[in-house]
There are 2 protein chains.
Amino acid sequence: MTTTDSSSDHAGLRLAAAEPELLAGSIRSAGLKVTAPRLAVLRALTDRPHSNADALFGLVHAGLPGTSLQAVYGVLASFTTAGLVRKIEPAGSPALFERRVGDNHHHIVCTRCNVVHDVDCAVGHAPCLTPADALGFDVRAAEVIYWGLCSSCQAATSNP
Amino acid sequence: MTTTDSSSDHAGLRLAAAEPELLAGSIRSAGLKVTAPRLAVLRALTDRPHSNADALFGLVHAGLPGTSLQAVYGVLASFTTAGLVRKIEPAGSPALFERRVGDNHHHIVCTRCNVVHDVDCAVGHAPCLTPADALGFDVRAAEVIYWGLCSSCQAATSNP
DNA sequence: CATTTGTTTTGAGTAATTCAAAACAATATG
DNA sequence: CATATTGTTTTGAATTACTCAAAACAAATG
């Protein structure tokens, strides 16, 4: 664990020290207790958006060896219901998580290497939120996933 | 097994008799052998689009008790790769299958009762096929899922 | 009708995730 | 600041949806 100097609040914010406080702050303001596994998951997710539970477990466990995979699942579940992270579930992939929430953004997934990137939708502000015929549904969200080949995989495919 | 009268091709098509032939025809023209489990799965999928493997197994097994769940998975896999059915995988749900393929249509899912309906996209012919920034991807498909409350669930929610 | 090729059965295995009880830790309270 | 309360994590097991592999079997082909 990094040295958390509790008297550091008198000084100017140094980035390395400030970051854990920011993470703790967002956990606290989501109404959740701040714990070491939660900080570690949130930091891992900051560094590696679109990670799955297993990858996050690997990152977290490296710095905090006591942490269990189930704890990571638990942290992710509480974060997701608290609106602190967003869970995405592309076909054929385990669930992925990201901190970018509250905006209406979508994803583009490479069918070959499975890399995921964020994309904003083409159609203005609230893209595709109105289907041609909502069939009486009260539509609350529209989820768009683009599938294709990322540029590296296009390159790898043309020169094999 | 229904009586397959191979001499029936001389007569006019009766609907009850014609249907198995139509099903067989589409299996054959997908380059697949026609078998009883395949006919049964395709028929079940005609009657109940957006079914999962388990539900299809139930329907198929009722009429063809020898059929195994793995056979249903096998049939669905071959149908999917042959382009005869489409597999959709909404978040939090097992995979669903439908016969409506080749057109660009999307889905609307009830967050309460999980009912699924087809929808055409609002934005013309190839909806959302162009993300704001494709990030160098060669985009091949766009998948849209709308989430909301279906009309029955809206009613059930307002008068509890 | 025999052969080939593809399909299904049977049985086992796996990945991702969830559940439950007990141990434990963070915040609220006296 | 000690303690109670509540929420979190650990440990261990279970479950769901799905895949794999070998042997038995059936459809199409010549």
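Computed from heavy atoms alone, side chains included, the values below leave out hydrogens, waters and symmetry copies. Note on naming: letters A, B, ... go to the chains in the order of the sequence lines (proteins, then strands), and numbering restarts at 1 for each one.
- Comparing atom distances between the A:Arg28 side chain and each of C:dT27, C:dA16, C:dT10 picks out C:dT27 as nearest.
- The side chain of A:Gln70 approaches C:dC19 more closely than any other nucleotide in the set C:dC19, C:dT9, D:dC18.
- Rounded to a whole Å, the CZ atom of A:Arg38 is 8 Å from the C1' atom of D:dG7.
- Out of D:dA28, C:dT27, C:dT17, the shortest distance to the side chain of A:Leu69 is found at C:dT17.
- Listed candidates were C:dA16, C:dT8, D:dA17. Nearest to the side chain of B:Tyr73 is D:dA17.
- Comparing the helix axis at one end of the helix from C:dC1-D:dG30 to C:dG30-D:dC1 with that at the other, each defined from 5 consecutive pairs, gives an inter-axis angle of 30° (nearest 10°).
- Residue contacts for A:Leu32: at a heavy-atom cut-off of 4.0 Å it reaches the sugar-phosphate backbone alone, with no base atom in range.
- Contacts of A:Ala77 with the nucleic acid, taken as non-hydrogen atoms under 4.0 Å apart, are absent.
- Residue-level contact check: A:Thr35 touches the backbone only, with heavy atoms under 4.0 Å from sugar-phosphate atoms and none from bases.
- Closest to the A:Pro37 side chain, of the nucleotides D:dT9, D:dG12, C:dA16, is D:dT9.
- Contacts of A:Thr67 with the nucleic acid, taken as non-hydrogen atoms under 4.0 Å apart, involve only primed sugar atoms and P, OP1 or OP2.
- If you find the closest nucleotide of DNA chain C to B:Lys33 and to B:Ala71, the one lying nearer the 5' end belongs to B:Lys33.
- A salt bridge links B:Asp120 and B:Arg100; the closest N-O separation between the charged side-chain nitrogens and carboxylate oxygens is under 4.0 Å.
- One can place CG of B:Leu56 at 14 Å from C1' of D:dA17, the figure rounded to the nearest angstrom.
- A:Tyr146 and A:Leu149 end up in different hydrophobic clusters when Ile, Leu, Val, Met, Phe, Trp and Tyr side chains are linked at under 4.5 Å.
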